[in-house]
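Fair warning: this is a prediction, and the values are worked out from it, not measured in the lab. Below, chains carry the letters A, B, ... as their sequence lines are ordered, and counting in each starts from 1.
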Amino acid sequence: MKNHAAEAEKFVADSARAHWHDEALWYVRRKRDVAASQLPEWEELREVAGKIKKNTVENLAYYLELFEREAQNNGIEIYWAMDARECNETVEKILREEGARRIVKSKSMLSEECGLNDYLQERGYEIVDTDLGERIVQLHGDRPSHIVLPAIHLKKEDVSEIFHEHMATRKGESDPEYLTKEARKSLRRSFLEADAAITGVNFALAREGAFVVCTNEGNADLGTAMAGVHIACMGIEKVIPSARELGVFTRLLARSATGQAVTTYTSHFRRPKAGGRLCVVIVDNGRSGLLSSGESEALSCMRCGACMNSCPVYRRSGGHSYGSTIPGPIGSVLSAAGNMDEFASLPFACTLCASCDNVCPSSIALHDLLYGLREDAIKSEAYRGKRTLLKAAAWLLLHPSLYAFVMNLYRRLYPFIPRRILYGRWNVWGRERELPEPARRSFAQIYEEMSDGK
Amino acid sequence: MGSREKILSALGTARNRGFEVELSFPILSFGDRVCAFVENLKKAGGESIVVEGELSKILAREVGDADSVVDTTSILYGSFSYKKGEEVDVAILGADLAVAENGALWIDTEDRYPRSLLTLARKIVVILEEDAIVDTMHQAYERVDFSKVSYALFMSGPSKTADIEQSLVFGAHGAVAMTAVLIPSKRA
Amino acid sequence: MRVALFVPCYINDFYPEIALNTMKILRAVGMEVEYPKGQSCCGQPFLNNGLVEEGRRFATRFVDIFAGYDYVVSPGSSCVSTVRHRYPTLLKETHPSGVEEGRVMELCEFLHDVVGVENLHFRHSFPHRVGLHNSCHGLRELRLGRASELILPHYSKIRAVLERVEGIELVDPERDECCGFGGTFSTGEEAVSVMMGRDRIDDHESHGVDFVTGVDISCLMHMDALARREGREIGFIHVSEILRGDEV
């Protein structure tokens, strides 16, 4: 089982860096607040988005079939994949048909989820992540720590070193403008030479048989414009009824994600370009199972990352501490719902502060989902001790007279307990914090005396 | 049973409940849509010019001493040729839809030129009539006729990234600069 | 009106003066206050750790003990929130018609919504700069104020009530963020919890406040525990200690 608390402790140990990380993401959260406040209808819009997503998810088979039919009419090839393996195999099959070796990929959390990069690299393909953040992380042999800001855990000095090593940029030069321009030059070659382009899908439009990819860099547009074949991988939950609903989602997505009014490129793909192929792989990989679970609401997520930016735990523990492809509140829900044995610690990596609920553009009640998942999580072997202790405490509290007796004993003994025992190794609270002192008399006792006196 | 059938059957019966979005609340609107558009495009890193006098003169000034220009509007140059993968200095495009709330311009290649022009031009100049600016994305999508679209995009400003320490840099992969050239509405 | 005083378990044993003040305040505004016997925990620590069956036993107990009162008022916002936010699902089977969780209220909420701030005439003053810590469950579940994430008009019931006390100067911190207590989170995720708590204290201290107040003593206890260990001078007091129970 992954242990969030242990990983978080390592991240927090470098206090300056953890605070820097926290501030960087809080800044994005505040930008989101400013952007959202430009729309008086913001809260209503979030609610409507949630309803659209919920309705679509409840009728997913209908919308997926409609999308498939319309897309095929437009000349788009549709493939279906049950799981990560089948997704990767399908992508490779298309690449083989095309004789493609060099691939440019724009950001796709689904491909991260499926381990597509590793799969293709092991088979001799050259795959280049073209989103700047993802490229940094790829060169570093790292993983994205955030779904929108993949390299948010790295400082510009880190990027400078990574680029110096892999792209021979000037040593010690860490100006973001310089580094970005160098990446542009280096990636431009990859774009111009690409045989195939892989993208994610932000929204698939059932009625139009088209799909939308949103980026700020234009990397999805450039890659797909150059390569002969465009393969877009989408989770089954990415479909929405029609372009009409796009109005709602495009207004929410970028404002929630980065505080922009809209992404720079909101690109609509409906037909393959002349002489090219346009393929969409529709991937389940556990999503249909989620549909029948208590966490089906999580399928409404549009991957904006706002819940991460707003999460006081995520900001201080870093995305990698979650040990899952998608970190933060939504990542904790998806991971724990999908594989509780592995991710039982994630529902507890949360104070139930509910800030995530308030920023979610699909109005997902994330903190309630995390709360609900704890029912299964606590049954994990790793929490056996905690469970036993809590059950004993519950038993005691359900016997108020006995509980009062125990507390009375504690308040009498308290002044005589040596500090080294009170703050012994057992006391995790007391490592950095003082214990509250028990009052000389409980309120129940005070009240009783007051009533007697009357 | 193939994966398609397995997935669809796992999702339960296909239903169409005839769901429609109801936007039963007031939507943002601007007294001066042109002004809002200009302001929001500026926030996204783009420039705007309102045409006074001759359009071709303004375009000539925007093009400056650029070596390679692709004018898909045929206003500055009578014809154009562009091959996939060519890197050019300036692309002149036309748009008939734009959005005040975010400065986005609807650019549809209409399969008239290779798609790479939109990202391989260092600077993009878009000509737009002021009448074509709508308040929000809701109205914008109502106006788009997807039956004619192969590939089209809303573009708001030049390509950008903030992936290194949240520092905004223009020209991540695509255009480094973008200018909207606004033709005043005939009614005014 | 007959009002039952609901005293959360940790307040009973560690902070009885908060319960006492709450009772006095309620009496001062003309309420007939009783403290029903046999009350215990609301079940939150167990529910928040997924022990639903245990939680349900506390919930059932709670609704039995507090039946028949016009209102149930408590000085603990997260306990009130447990009743209002978690009990309905928990008791769906046994109490299908509901248990009127709505009449269970946090102290400031009760003073604001039921008594009305215009009827609060405190005779004492509290001439201090006071930081207002918005506890998460009070802010985002009970909606005692507008959380900074929400694009809604600003309001704060707690502030509206506290400002009825003369001389008080309330200061909002930069962030209306969680203090990191989170019940068992404080030990299960010790490192993050401690960092969150310190960050909140730093935020308040940077505004030069004498005290930090709030509607949940558990959050205040957490920050106080950190501040005391580090010898910081800032004080943490529950709203009832500012409102006091003098004649209103």
**OP:** Would you indicate whether A:Arg17, at its atom CZ, is surrounded by more than 12 heavy atoms from other residues, nucleotides or ligands within a distance under 6.0 Å?
**Re:** yes

Original post:
Is any NZ, NE, NH1 or NH2 atom of the basic residue among C:Glu149 and A:Arg32 found under 4.0 Å from an Asp or Glu carboxylate oxygen of the other?
Top reply: no

Original post:
Between C:Asp13 and A:Arg411, is there a salt bridge with N-O shorter than 4.0 Å?
Top reply: yes

Original post:
Does C:Tyr35 reach the main-chain N or O of A:Tyr447 with its side chain, forming a donor-acceptor pair under 3.5 Å?
Top reply: no

**OP:** Quick one: pull up OH in A:Tyr403 and SG in C:Cys41 and give me the separation to the nearest 0.5 Å.
**Re:** 8.0 Å

Original post:
Can you name the closest pair of heavy atoms from C:Met221 and A:Trp429 and give their distance?
Top reply: CE-CH2, 4.2 Å

Subject >> Nearest non-hydrogen partners of C:Glu189 and A:His4, listed with the distance >> reply: OE2-ND1, 2.6 Å

Subject >> Partner chain C: residue of A:His399, A:Glu9, A:Met407 with the largest heavy-atom pair count (under 4.5 Å) >> reply: A:Met407

**OP:** State, to 0.1 Å, how close C:Leu51 and A:Ile378 come at their nearest heavy-atom pair, and which atoms those are.
**Re:** CD2-CG2, 4.2 Å

**OP:** Let me know if A:Ala306 has heavy atoms under 4.5 Å from chain C in its side chain, its backbone, both or neither.
**Re:** neither

Original post:
Any side-chain heavy-atom pair from C:Met23 and A:Met450 closer than 4.5 angstrom?
Top reply: yes

Subject >> Choice from A:Arg387, A:Lys10, A:Lys391 maximising heavy atom contacts with chain C below 4.5 Å >> reply: A:Lys391

Original post:
Measuring heavy-atom distances to chain C, does A:Asp357 have an atom under 4.5 Å in its side chain, in its backbone, in both, or in neither?
Top reply: neither

Subject >> Heavy atoms from other residues, nucleotides or ligands near OH of A:Tyr414 exceed 12 (cutoff 6.0 Å) >> reply: yes

**OP:** Could you give me the CA-CA distance, side-chain angles and deciding distance for A:His367 and C:Arg140, then say whether side chain to side chain contact (heavy atoms under 4.5 Å, CB included) is met?
**Re:** CA-CA 11 Å; A:His367 95 289; C:Arg140 300 193 183 84; over 6 Å; no

Original post:
Contact part of C:Glu17 toward chain A, heavy-atom cut-off under 4.5 Å: side chain, backbone, both or neither?
Top reply: neither

Original post:
Between CZ of A:Arg46 and CG of C:Leu150, what distance do you get to the nearest 0.5 Å?
Top reply: 6.0 Å

Original post:
Do C:Thr184 and A:Lys386 have side-chain heavy atoms sitting under 4.5 Å apart?
Top reply: yes

Original post:
What heavy-atom pair brings A:Thr351 and C:Gly180 nearest, and what distance separates the two atoms?
Top reply: CG2-CA, 4.3 Å

**OP:** Look up atom CZ in C:Phe185 and atom SG in A:Cys353, then write down how far apart they are to the nearest 0.5 Å.
**Re:** 9.5 Å

**OP:** Look at A:Arg440, A:Lys379, A:Arg315, A:Arg30 and state which one has the largest set of heavy-atom pairs under 4.5 Å with chain C.
**Re:** A:Arg315

Subject >> Expected output: side-chain C:Arg229 to main-chain A:Gly430 donor-acceptor under 3.5 Å >> reply: yes

Subject >> Option that, when pairs with chain A are counted at under 4.5 Å, heavy atom only, ranks first among C:Ser40, C:Ser186, C:Gly182 >> reply: C:Ser186

**OP:** Looking only at non-hydrogen atoms, find the nearest pair between A:Leu390 and C:Phe46 and report the distance.
**Re:** O-CE2, 3.2 Å

**OP:** Establish, from distance only, whether the side-chain atoms of C:Ser193 and A:Arg433 form a donor-acceptor pair under 3.5 Å.
**Re:** yes

Subject >> Nearest-0.5 Å distance that lies between atom CD in A:Glu44 and atom CD1 in C:Ile151 >> reply: 11.5 Å

Original post:
Taking A:Arg374 for the side chain and C:Leu47 for the main chain, is one N or O donor matched with an acceptor at less than 3.5 Å?
Top reply: no

**OP:** Check each atom of A:Ala354 against the heavy atoms of chain C and say whether the ones under 4.5 Å are side chain, backbone, both or neither.
**Re:** both

Original post:
Got a sec: does the CZ of A:Phe405 have more than 12 other heavy atoms crowding it under 6.0 Å?
Top reply: no

**OP:** Answer with side chain, backbone, both or neither: which region of A:Ala393 has an atom nearer than 4.5 Å to a non-hydrogen atom of chain C?
**Re:** both

Subject >> Option in A:Ala349, A:Ala404, A:Ala8 with maximal non-hydrogen atom pairs under 4.5 Å from chain C >> reply: A:Ala349

Original post:
After noting the C-alpha distance and the side-chain angles of C:Leu152 and A:Trp42, does the key distance pass the side chain to side chain contact (heavy atoms under 4.5 Å, CB included) rule?
Top reply: CA-CA 9 Å; C:Leu152 294 172; A:Trp42 182 261; over 6 Å; no

Original post:
Which residue out of C:Val192, C:Ile11, C:Asn12, C:Thr187 racks up the most heavy-atom pairs below 4.5 Å with chain A?
Top reply: C:Asn12

Original post:
Which one, C:Met195, C:Arg228, C:Glu141, C:Glu53, leads in non-hydrogen pairs under 4.5 Å with chain A?
Top reply: C:Met195

Subject >> Ring centers of C:Tyr15, A:Phe443 separated by less than 6.0 Å >> reply: no

**OP:** With a 4.5 angstrom heavy-atom cut-off, could you sort out which part of A:Tyr423 is near chain C: side chain, backbone, both or neither?
**Re:** side chain

Original post:
Distance from C:Glu190 atom CD to A:Glu432 atom CD, nearest 0.5 Å?
Top reply: 5.5 Å

Original post:
Does the side chain of C:Asp224 reach to within under 4.5 Å of the side chain of A:Glu434, using non-hydrogen atoms?
Top reply: no

**OP:** Identify which part of A:Leu398 has an atom lying under 4.5 Å from any heavy atom of chain C, answering side chain, backbone, both or neither.
**Re:** both

Subject >> Carboxylate-amine/guanidinium contact C:Arg175 A:Asp22, below 4.0 Å >> reply: yes

Subject >> Proximity breakdown for A:Ser310 and chain C, heavy-atom pairs closer than 4.5 Å >> reply: side chain

Original post:
Got C:Pro16 and A:Ser442 here, is their nearest side-chain heavy-atom distance under 4.5 Å?
Top reply: no

Original post:
For A:Tyr410, is it the side chain, the backbone, both or neither that has a heavy atom under 4.5 Å from a heavy atom of chain C?
Top reply: side chain

Original post:
In terms of heavy-atom pairs under 4.5 Å with chain A, which of C:Leu5, C:Leu226, C:Asn49, C:Leu20 leads?
Top reply: C:Asn49

**OP:** Please determine, among A:Leu373, A:Leu397, A:Leu39, A:Asp33, the option with the most heavy-atom pairs under 4.5 Å with chain C.
**Re:** A:Leu397

**OP:** Report the distance from atom CD of C:Glu177 to atom OG of A:Ser355, rounding to the nearest 0.5 Å.
**Re:** 8.0 Å

Subject >> Which of C:Ala225, C:Cys136, C:Ser148, C:Ala191 touches chain A most, by non-hydrogen pairs under 4.5 Å >> reply: C:Ala225

Original post:
Is the closest side-chain heavy-atom distance between A:Tyr371 and C:Arg86 below 4.5 Å?
Top reply: yes

Subject >> Residue among C:Val7, C:Val52, C:Val194, C:Asp199 with most heavy-atom pairs under 4.5 Å to chain A >> reply: C:Asp199

Original post:
Is A:Glu47 atom CD crowded by more than 12 heavy atoms from other residues, nucleotides or ligands, each under 6.0 Å away?
Top reply: no

Original post:
Can you name the closest pair of heavy atoms from A:Pro400 and C:Arg61 and give their distance?
Top reply: CG-NH2, 3.1 Å

Subject >> Most contacts with chain C, counted as non-hydrogen pairs under 4.5 angstrom, among A:Leu435, A:Leu352, A:Val359 >> reply: A:Leu352

**OP:** Sort C:His222 into side chain, backbone, both or neither according to what part of it lies under 4.5 angstrom from a heavy atom of chain A.
**Re:** both

